[in-house]
Number of protein chains: 2
Amino acid sequence: MAVLAGFAPADGGGRWEVGGRMAPGTTAKAGKLRQEAVSLATVARETGVSMSTVSRIVNGKSGRASAATVARVAEAIERLGYRPNPVGRALRRRASRVVAMLAPNLDNPAMAAIAVSTEAALRAAGYVMILCDTHDRPELQDDYLQAMRDQFVAGYVMVSAVRSRGLEQALGRGDPVVFVARRNPLGGGAYVGIDNRAAGADAADFMLAQGIDRPAVLMAAQNISSTAERAAGFVERLVARGVPESEIRRASAPGLSHIEIGYAAARILVGAGGWPRGLLCVSDLIAYGAYRLAVESRLEIPRDCRLVGVDGNALNRWIAPWLSSIRIPYESFGGHVLEQLRLLWSGAATAEIHVPHEALP
Amino acid sequence: MAVLAGFAPADGGGRWEVGGRMAPGTTAKAGKLRQEAVSLATVARETGVSMSTVSRIVNGKSGRASAATVARVAEAIERLGYRPNPVGRALRRRASRVVAMLAPNLDNPAMAAIAVSTEAALRAAGYVMILCDTHDRPELQDDYLQAMRDQFVAGYVMVSAVRSRGLEQALGRGDPVVFVARRNPLGGGAYVGIDNRAAGADAADFMLAQGIDRPAVLMAAQNISSTAERAAGFVERLVARGVPESEIRRASAPGLSHIEIGYAAARILVGAGGWPRGLLCVSDLIAYGAYRLAVESRLEIPRDCRLVGVDGNALNRWIAPWLSSIRIPYESFGGHVLEQLRLLWSGAATAEIHVPHEALP
DNA sequence: CTGAAAGCGCTTACAG
DNA sequence: CTGAAAGCGCTTACAG
């Protein structure tokens, strides 16, 4: 009976994921026995009321139908296994229960973790998620934004969005979009992520607590990204605690994947002044890249150089015990994303949500 | 002009991902200036022809419109930035350009890699992919199958599908479904994956070539899964090459994730007879689990025990150089999946596609 | 409390 | 070569 709005999520409207057995209805038209689609019309015919009435009941616009009618309709819905068709509904309402997630490369375990948790949260709330891989390319992002708009999606989840014309338009239009992991490149907007600056500061404290007074840092490319904030927070805290800024060695490298950036940047850093005793890598993947260079250099990690990452990849425990990583609870991001979407849908104001990261041991 | 079928993919029908600038159309109705949706009706009105004609032109049902009309309509489409609405289309055709991928836990890098490559291939062909995380649960799989059917999806990509009632019905109905990585648990059907048995055999040859004449194997749970086939192929080949079957030690363990299975199974194996000199782990994650036990046991890998995995995770090169892994080219799976879908759509017969795995060094 | 009608955006016989 | 009409499945004023 989950079709009835009374039994469905509070935001009204049936749920797409209704259980319901297959409709047993068959027709003998022309002697051929075949499964018949169960539509509102079927239910209406079967109960002798109008489609309007069935629709209202299904959608919980009640107080507007007699108890007797509701019961009759409910029975028929149950018996026929009726489920409201999401496409018909989307067309009419110009709004669907589909949410689009636009993310660059799922290859990154962090992205995958975000996708997983968001998908689960949306699903539990009766939404279905379309996943679009933008490869960090603005045109692709715009193509998808466009295509998703045509699908009447209920909202957009932008993981590490890049600045683009379509994004600008979507925001200008007031479309519900929540940014994850990387802030809105155009400023403002609903956001879910950790406090990157604070995470960087924590890494600084950790280094100093280990007696490493001249740690270095490996950064990704120099955009407004979250990783840049981590590096900034790291440096700021070190400076605040008395480390001369000029003695904080930094390196970054161009490159496609974080892991390659890590390797290349470590090479640059080390080439310029040898291995530091402590090295913050602004993501686990960057740390993996740096690790490889350390192995090639016959370094023993973490004895010779303390590697600190950010992410807390689940694999670390198994194959990268040498890495101290600030854990980001990606598995909880989905819930927060949904929260933000709901605020946007209800027209309420949204604030940035800073999910607390976990402390280093 | 990509909207016109003549310029679109061969399967006719406009593409959803049409570029096209925002429609400049505005209306002065009631003095309010606002963006107007550009529909078929708009184009028809603008050109003075009927919607039928515009529709036919958009869909390349040509030879049925004068060149002059086509030109006029094409111009209007271009000028207004018209894109066929996928929802209206789906409702009418009872078929969409959406393909559903149902997969258990994207946490597994192999699954993520499959999702990435399939998404890219579908996108290039003008489809959009909905990702459904089934967590290996049959009811969830069925819920999704149901929901996706209601969306009029064009097809189903089942990654490591489990046996379920809904799957049975979908196949019975003749829905286009292609199985990836794990064969259809109900038998038959379009499949994309490696030849698991051959991969296992290759691992056996590798071990013997290394002078390891009594290798052991770590398996996942004992279902009809692809990993079981790898283990079987391994054992068969060893036996064929003279290793007494009774001397091939095997272990498996229950558990949620492969990585935990690997750790637990290794513990069982080692507990029962010490470390073997060579150990096939039927997936990289299992190898990671085994590795951890090896580290705890102060073993030096691969010197003391040769670990062989299957997957070829991209991270291995960086942080698991101790692992020899048979690489599965997941990045090419997407293309094959599309191939299979096209066969199914055209009603042609499908055969299993065995993507060649890469040889061990 | 209920129903007839219009319409979301599209396609497709059917008739001309 | 072209158009009027019906209809995919639904919702929502509007009228009663």
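Throughout, a chain's letter reflects where its sequence line sits, starting with A, and its residues are numbered from 1.
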Starting from [atom2] on [N], measure out to [atom1] on [X] and report it in whole angstrom.
X        : N      : atom1 : atom2 : answer
A:Asn59  : D:dG9  : CG    : C1'   : 12 Å
B:Gln151 : D:dG9  : CD    : C1'   : 13 Å
B:Ile77  : C:dC10 : CD1   : C1'   : 13 Å
B:Arg93  : C:dT12 : CZ    : P     : 6 Å
B:Arg97  : C:dC10 : CZ    : P     : 15 Å
B:Arg94  : C:dT11 : CZ    : C1'   : 14 Å
A:Leu40  : C:dG3  : CG    : P     : 13 Å
B:Arg72  : D:dC1  : CZ    : C1'   : 13 Å

Of A:Gly88 and A:Thr69, the one whose nearest nucleotide on DNA chain C sits closer to the 5' end is A:Thr69
[atom1]-based separation of [M] from [N] [nearest Å]:
N      : M      : atom1 : result
C:dG16 : C:dT12 : C1'   : 16 Å
C:dA5  : C:dC1  : P     : 24 Å
C:dG9  : C:dA13 : P     : 23 Å

Please list, pair by pair, any protein nitrogen or oxygen found under 3.5 Å from a nitrogen or oxygen in nucleotides 5-7 of chain C.
unit_1: C:dG7; atom_1: N2; unit_2: A:Arg92; atom_2: NH1; d: 3.2

5'-most contact on DNA chain D (nearest-nucleotide basis), B:Leu91 vs B:Gly48, goes to B:Gly48
Does D:dA4 pair with anything, Watson-Crick or G-U wobble, both distances under 3.5 Å, and if so, with which nucleotide?
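Checking every strand shown, D:dA4 finds no partner, since no pair has both distances under 3.5 Å.
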- Item | Counterpart base for C:dA13, defined by Watson-Crick or G-U wobble contacts under 3.5 Å |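 Base partner found: none.
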Residue [X], side-chain heavy atoms: nucleotide from [options] that is nearest:
X       : options               : answer
A:Arg89 : D:dT11, C:dT12, D:dC8 : D:dT11
A:Ser50 : D:dT11, C:dG9, C:dG3  : C:dG3
A:Arg56 : C:dC1, C:dG3, C:dC10  : C:dG3
B:Ser39 : D:dT2, C:dG9, D:dG9   : C:dG9

(Q) Could you check whether A:Glu119 pairs with A:Arg123 (Lys NZ or Arg NE/NH1/NH2 to Asp/Glu carboxylate O, under 4.0 Å)? (A)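 The answer is no: the pair does not qualify as a salt bridge.
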Do [X] and [Y] make a side-chain contact, defined as non-hydrogen atoms from C-beta onward lying under 4.5 Å apart?
X        : Y        : answer
A:Leu106 : A:Leu131 : yes
B:Gln151 : A:Val98  : yes
B:Leu167 : B:Pro185 : yes

| query | Reckon A:Ser66 has a side-chain N or O less than 4.0 Å from the OP1 or OP2 of C:dC1? | reply | no
Closest contact, heavy atoms only, B:Val162 versus B:Arg137: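 It is CG2-C, 4.4 Å.
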Open item on the list: If you apply the rule side chain to side chain contact (heavy atoms under 4.5 Å, CB included), what do you find for B:Thr42 with B:Tyr82, and how did you get there?
Closed with: CA-CA 9 Å; B:Thr42 319; B:Tyr82 168 74; over 6 Å; no
Check your understanding: Is A:Ser55 touching bases, backbone alone, or none of the nucleic acid, heavy atoms closer than 4.0 Å?
Key ->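 Base contact.
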- [ ] Determine the contact category for B:Val87: base if any of its heavy atoms lies under 4.0 Å from a base atom, sugar-phosphate if only primed atoms, P, OP1 or OP2 are that close, otherwise nothing.
- [x] nothing
Using distance alone, with no hydrogens and no angle criterion, decide if A:Ser55 and A:Ser52 have a side-chain donor and acceptor under 3.5 Å apart.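 Distance-only check fails for A:Ser55 and A:Ser52.
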Checklist entry - Does one side chain, of B:Asn85 or A:Arg94, offer a donor that lies under 3.5 Å from an acceptor on the other? => result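 Distance-only check fails for B:Asn85 and A:Arg94.
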